[in-house]
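Down below is the structure, laid out as structure tokens.
We use all heavy atoms of the structure for the numbers below, so side chains are in, but hydrogens, waters and symmetry mates are not. Convention: sequence-line order gives letters A, B, ...; per-chain numbering from 1.
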Amino acid sequence: MRYEHKKIDTKWQKKWEEAGIFRASDDFSRPKFYGLVEFPYPSGSGMHVGHIKAYSGLEVVARKRRMQGYNVLFPIGFDAYGLPTENTAIKTGVHPRVVTDRNIEKFTGQLKRVGFSFDWSRVIDTTEEGYYKWTQWIFLKMFEHGLVFRDKTLVNYCPSCKVVLSNEDSQGGKCDVCHSDIVQKTKEVWYLRITEYAEKLLEGLNEVDYLPNIRLQQENWIGKSVGAFVNFPVKETGETLRIYTTRPDTLYGVTFMVMAPEHPMLEKHRALLKNAGELDAYKAECAKKSEFERTQLVKDKTGVRVEGLTAVNPVTGKEIPIYISDYVMMGYGTGAIMAVPAHDSRDYEFAKKFGIDIVEVIRGGDISREAYTGDGEMVNSGVLNGITNKKDAIEKMLSVLAEKGCGERGVQYKMKDWAFNRQRYWGEPIPIVHCPTCGMVPVPYEELPLRLPPVDNFQPGSDGESPLAKIESFVKCRCPRCGGEARRETDTMPQWAGSSWYFLRYTDPHNPDALASQEKMKYWLPVDWYNGGMEHVTRHLIYSRFWHRFLYDIGEVPVKEPYAKRTAQGLILGSDGEKMSKSRGNVVDPNAVVEENGADALRLYVLFMGDYEQAAPWNENSMKGCVRFLDRMAGLTELVRGSGVTPELETAFHKTIKKVSQDIEAMKFNTAIAQMMILINAIYDCGHLTREELGTFARLLAPFAPHLSEEIWESLGGEGFVSLAAWPTWDESKTVDKTMEYAVQVLGKLRGTVTVNADDDRETVLRKAKESEKIAPFLAGKQVVKEIFVPGKLVNFVVK
RNA sequence: GCCGGAAUGAUGGAAUUGGCAGACGUGCCGGACUCAAAAUCCGGUGGUAGCGAUACCGUGCGGGUUCAAGUCCCGCUUCCGGCACCA
């Protein structure tokens, strides 16, 4: 048989579709496997080969599971709300709906040409009414449970996209969409109270199987810190200044306090301030700096002393000056700190610059040169003196604080509440009505979906208002509660909303009455294996775990954690070693590769090119090896002879079945393919194989290169589709060769090898090694003091 | 600055618990087929010395542990990713 990929690809893709063999069935008696890949954002430029790699991993697993008899749910869909589509619409004047449909069609065509075994009957489009109805429904449930609120504070704002971004969307001070610098702006926006779920999100990690670096990144993002709140009385006001610290043990070393420039105490006791003007000027200066500028000036501490307010150390009674400085943030802890310059490098720099006392309370460093942050004996610390263990010192201080009633244990998280809004058109409308008498009123559930109205002008307002604000017919409405005149919210939801629950919808994608039926969710959830990009670990993956956990808490979903297992693929870089991007012109279009080499070659190559989890550059040349392999695979049909098993090949087959089976589970696709190459080389060396053996080979290859495998299977007269044939099993005893080679070392140096029978025992192997021609001279006249024997591998003689 | 990860031939990358470094693929060299080329097939391919068998060296750098180190320990260098004045 010759490998004619064009003919074979379309032939089998058509047959699979007609037979509907990749549709998940709702037969709840069978064992299930739910494999999930991150659904794509349908951009105008279409897919590149990186998408193909991202899906090919679980594609292989899903196909293997089907052959192992599982009822497999392997769905795909489109995360279609978002800024790029809207920006295209603004530029071209074509409605985002039209742009989206066009892009989805393009993506679908590309995916189908690669022959992925997705269940196309369950496709989701997050911009469809039947879908976003439930996105809005979940939002209202959160509103009902107090997890939605509006607040006027400093927000991350992208001046280029003209939208407010969440913390997750502005990592590193850059806009996630356009990479512009983010500015801080005071604005009233919607928030989801994700911080209320910080502890649950952290705990949940204990019951799932995520790659260690994924878990670690989530833990760091949530950023739990354990410490204490301490209340410092303020002499002039009789109130207290509350601070958060992780080092209550250093309380005796406090020589000043620092508040964030925005700290409310300044406003409240303005009358007492002797240098209000100076303080105002500093505050104004800080507000001008972008996040970026603030972090660039790390080394150079600035600040102003608050004249007129004095703190009192609650344990020693000592008076302490208060400063404001932008190295203390209003958004973390209480917006104020106790400064211990001897044992904190930031406080140290500040103290040096402002000439403040530095008092050592932990011995071990040289505080005349730098802050000492290590452990040591407590000194100058009253009751703590002499304690050498940090933990003990902290505990002791906590009990002192408790006794005096001026402090207690506390926990803080770095994660902030989720700024949940876009001042844009192409997103789910937030289903809230503002009523002059009733306030914020949710749209009744029966009225969902709240439809996105048609509009001619998608241009966001220069005043930071959504285009929806200009549509009077949408904005003007009746209050659902009192019936009076009211106005609709005009912000839309951010792009992450639809993707926060899509995996639930796949279990029951056409349900008009619920986000999914309980029965179906009970069967299909959790997702058994979820694969996607590392860039989503601190965005989508956190958000969707939050939504899911909320739905669990209110009894809407049956399992706590949505994803039992999470892995991530490495990027495909351009042939220049750089990240693939349109502007660099190094993007590879999968269609072009399929056209030239066939879908199977593309699938094989993206998995063979390197470690699946590692980034690897695209190399047109390297793909030749995969094409040759497929050619040689097709050529095997000419070598079929005899029946039963070929004794020369039997071990090779069992080894290959074992290795391929195990490597797929460990996502080591590259070595699985290498093993099949070893097998094919062995078959060509042997010159022939049996019909059964070729059938086995076709089944092993089917998850990777299904089109050619089907063709071979058919030519052998195999029953049905190879895609549904039973996965081959191996016999452990047949994976070992009858004879094996031992490496023989003398004093750790390789001096030769010796061939022995597989069932030879230790003594026999050692004897044969000693007697072997190559080794004997090295042992002659020496005394063997030690014999090392590693079964199946090597022997080593230590001689004197 | 902090937290992760990595560094192996010309090249992409292999290498259970420490156990024959370089599997498999690409490229390159030689040969077969061909008028010729492409494709295909066969052989070779870490470095140095030698006609050779063979010897010595070799997994970023410097030490160490061990019969044995790419793998473990100590000290560095470079690169990649994440976080970043988080109290």
Give the nucleotide from the list [options] with an atom nearest to the side chain of [X].
X: A:Asp326; options: B:C85, B:G13, B:G4; value: B:C85
X: A:Lys301; options: B:C85, B:A68, B:A87; value: B:C85
X: A:Gln217; options: B:A87, B:G82, B:A14; value: B:G82
X: A:Ile337; options: B:U54, B:A87, B:C83; value: B:A87
X: A:Lys749; options: B:A14, B:C85, B:C56; value: B:C56
X: A:Val790; options: B:A55, B:G12, B:G19; value: B:G19
X: A:Trp221; options: B:A55, B:C67, B:C83; value: B:C83

Original post:
Please walk me through it: do A:Trp730 and A:Glu732 pass side-chain hydrogen bond (donor to acceptor under 3.5 Å, both in side chains)?
Top reply: CA-CA 6 Å; A:Trp730 74 93; A:Glu732 189 64 43; 3.2 Å; yes
Under 3.5 Å, is there a donor-acceptor pair between the side chain of [X] and the main chain of [Y]?
X: A:Arg539; Y: A:Glu168; result: yes
X: A:His688; Y: A:Leu639; result: no
X: A:Asn619; Y: A:Ser575; result: no

Subject >> 5'-most by nearest nucleotide on RNA chain B - A:Gly610 or A:Gly748 >> reply: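 Looking at the nearest nucleotide for each, A:Gly610 comes out on the 5' side.
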Original post:
If you pin A:Thr538 and A:Ala336 to their nearest nucleotides in RNA chain B, which one's is more 5'?
Top reply: A:Thr538
Verify the neighbour count for atom [atom1] of [X]: are there more than 12 heavy atoms of other residues, nucleotides or ligands below 6.0 Å?
X: A:Glu596; atom1: CD; result: no
X: A:Arg409; atom1: CZ; result: no
X: A:Lys774; atom1: NZ; result: no

Write down the distance separating the [atom1] atoms in [N] and [M], rounded off to the nearest Å.
N: B:C42; M: B:C67; atom1: C1'; answer: 42 Å
N: B:A39; M: B:A53; atom1: C1'; answer: 39 Å
N: B:A15; M: B:C24; atom1: C1'; answer: 12 Å
N: B:A10; M: B:U59; atom1: P; answer: 13 Å
N: B:G43; M: B:C61; atom1: C1'; answer: 39 Å
N: B:A32; M: B:A38; atom1: P; answer: 14 Å
N: B:C33; M: B:G12; atom1: C1'; answer: 31 Å
N: B:A7; M: B:G13; atom1: P; answer: 10 Å

[X] has an atom [atom1]; how far is it from atom [atom2] of [N], in whole Å?
X: A:Arg2; N: B:U40; atom1: CZ; atom2: C1'; result: 12 Å
X: A:Asp685; N: B:C41; atom1: CG; atom2: P; result: 12 Å
X: A:Asp611; N: B:G5; atom1: CG; atom2: P; result: 14 Å
X: A:Ile572; N: B:G13; atom1: CD1; atom2: C1'; result: 15 Å
X: A:Arg751; N: B:A53; atom1: CZ; atom2: P; result: 16 Å
X: A:Leu636; N: B:C41; atom1: CG; atom2: P; result: 12 Å
X: A:Lys416; N: B:A84; atom1: NZ; atom2: C1'; result: 11 Å
X: A:Leu571; N: B:G5; atom1: CG; atom2: P; result: 19 Å

Could you check whether [X] gets within reach of a base, just the sugar-phosphate, or nothing at all, counting any heavy atom under 4.0 Å?
X: A:Lys668; result: sugar-phosphate
X: A:Arg632; result: sugar-phosphate
X: A:Lys774; result: sugar-phosphate
X: A:Ala615; result: sugar-phosphate

Report, one pair per line, the protein and nucleotides 20-25 of chain B atoms (nitrogen or oxygen only) whose separation is under 3.5 Å.
{"from": "B:G25", "atom 1": "OP1", "to": "A:Asn681", "atom 2": "ND2", "distance (Å)": "3.3"}

Original post:
Hey, what's the ring geometry for A:Phe669 with A:Tyr612, parallel, tilted or perpendicular (30° and 60° as the breaks)?
Top reply: perpendicular
Original post:
Is A:Arg305 close enough and on-axis enough to A:Phe354, meaning under 6.0 Å and within 45°, for cation-pi?
Top reply: no
Subject >> cation_pi(A:Lys414, A:Tyr332) dist<6.0 Å, angle<=45 >> reply: no
**OP:** Apply side chain to side chain contact (heavy atoms under 4.5 Å, CB included) to A:Leu401 and A:Val315, showing your working.
**Re:** CA-CA 8 Å; A:Leu401 290 171; A:Val315 177; 4.1 Å; yes
Original post:
In terms of base orientation, is B:G9 syn or anti, with the syn window spanning 90° either side of 0?
Top reply: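 Here the answer is syn: the torsion falls within 90° of 0.
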**OP:** Please state whether the phosphate of B:A87, meaning OP1 or OP2, lies under 4.0 angstrom from any side-chain nitrogen or oxygen of A:Tyr244.
**Re:** no
Original post:
So what stems show up for RNA chain B if we need 3 or more Watson-Crick or G-U pairs in a row, all under 3.5 Å?
Top reply: B:1-7 with B:77-83, B:10-12 with B:24-26, B:27-32 with B:40-45, B:46-49 with B:54-57, B:60-64 with B:72-76
Subject >> A:Glu408/A:Arg242 ion pair, N-O < 4.0 Å >> reply: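 Between A:Arg242 and A:Glu408 there is a salt bridge, with a charged N closer than 4.0 Å to a carboxylate O.
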